[in-house]
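Presented below is the structure to which this report refers.
One is the number of the first residue; the rest follow in order along the sequence. The figures here come from the full heavy-atom set of this structure, side chains too, leaving out hydrogens, waters and symmetry mates. Both counts, for ligands and for their atoms, begin at 1 and track the order of listing.
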Amino acid sequence: MNNHHHLSLPIVLTIAGFDPSCGAGIAADLKTLSANNCYGVAAITALTVQSTQGVKAIHVTPAATLRAQLDGLAEDLQIAAVKIGMLGNRANAVAVAEFLDKANFPNVVLDPVVQPTAGGPDLLDASGVKYLADELMKRASVITPNIPEAALLSGMEIKDVAGMEAAARKLVERGARAVVVKGGHMDKAIDFLFDGSEALALGGDHVRTEHTHGSGCTFASAIAAQLALGRGLREAVMLAKAYVVKAIENGFAIGKGPGPLDHFYRAHHEPPPRGIHEVPQHGMHPAAEPATR
Ligand code: PXL
C-alpha cells in the first residue's frame, strides 16, 4: 500500500516575484491555490528583498531563465489557469506574452502590479508598463488593477465607483477582455467588474486592519483557482472576493509592518486534532502502534 494517487486537482501556474516574508507574490499565490483546491506551480520573475516593512531591492530574473521555467512546466504538465503578477521589466513581460501566444491557455488572470502598496521600488519598469497596456493586457481573460493601477493604465482619475466603472470601460476599449477594478484603496471596499457587456459592483465593508500585505496577489490567485475549477468569471470573482475578505479578517501581525493574510483560515478554524497518535476517522495511525519485531 502506498499513498500515491493520481492528482485530480487542476494545476494553476503563477508567474510572479518572490517575497521572502511570504505575504505577497509567489508564496501568497501558492498558499491561495492550495487553500482553494488547486495544485500551484510557479515561475519566478524576480527575487525581491523585502520584509513586512517594505521592498528594499529587486533582482529581476533574466528573461531567458524565465522562458526556460515556463517552457519546462508547459512541456511537463497540463495547466488549467495562469495567474500573472509582478513581472519586473519589459523583457519579462515580452517573455510571458510569447509564452501565452504559444499555449493559448483558457484562463489567464493578469494582476497588473506596478508599485508595492507599502512603498519601495517599482515592480515593473516604465517601458514594461507600456508593453503591458499595449500587448499583454489583451492576452488575459481578466485583469485586476487596484485604483492607482487602473488610473495609470486608463489615463483617468478615479475618485468614486463611477470613476472605477469609467476606467474599467476604457480598459476594455483598449483591449482588455474583462476588468475587475479593486476598491481596497477606497473607503467602501467595492470592486467593479466589467466584461465588455455586463457590469457588476461587488459590495463589501472595508476590513479595518493594516494586515493586508499580499491581498492583491491573493485575490487574483483565488480568481485563477476558481476559473481552473470550472466556474464562470462572475462567480469566480465573487468567490475570490469572499475568500480574500475572510483571509484579511484573519490576517496576522508577524513583524513590524503590515502582516500577511491567513490563507488557511478554514483549516485554522477547525477543532484541533485529538492527539498525535490518533488520526480522525481512521483509528490509530500505524506510527503510533507498538512495533512488532
Ligand atoms: O502586491 C504586489 C506585489 C506583488 N508581487 C511581489 C511583491 C508585491 C508587493 O510588495 O513584493 C513579489
Considering only distance and modelled atom types, tabulate donor-acceptor pairs under 3.5 Å from the side chains of residues 10-25, sequence neighbours left out.
unit_1	atom_1	unit_2	atom_2	d
Thr14	OG1	Asp29	OD2	2.6
Asp19	OD1	Ser21	N	2.7
Asp19	OD1	Ser21	OG	2.8
Asp19	OD2	Ser21	OG	3.2
Asp19	OD2	Gly23	N	3.2
Asp19	OD2	Ala24	N	2.9
Asp19	OD2	His213	NE2	2.9

Extract all donor-acceptor atom pairs below 3.5 Å that involve side chains of residues 249-257 and protein atoms in other chains or at least two apart in sequence.
unit_1	atom_1	unit_2	atom_2	d
Asn250	OD1	His269	NE2	3.2
Asn250	ND2	Lys246	O	2.7

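Formation of a donor-acceptor pair under 3.5 Å by the Arg174 side chain with backbone atoms of Asp134 is not found in this model. A distance-only check finds no donor-acceptor pair linking the side chain of Arg231 to the backbone of Gln226 [under 3.5 Å].
In this structure, the side chain to side chain contact (heavy atoms under 4.5 Å, CB included) partners of Glu173, at least two apart in sequence or on a different chain, are Lys170.
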Inset, instruction - Could you walk me through whether Asp71 and Lys102 pass the salt bridge (charged side-chain N to carboxylate O under 4.0 Å, His left out) test, one step at a time? - result: CA-CA 10 Å; Asp71 290 342; Lys102 266 191 288 187; 3.0 Å; yes
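Taking a heavy-atom cut-off of under 4.0 Å, ligand 1 is surrounded by Gly17, Ala24, Gly25, Gln50, Val55, Met86, Val113, Pro116, Leu123, Cys217.
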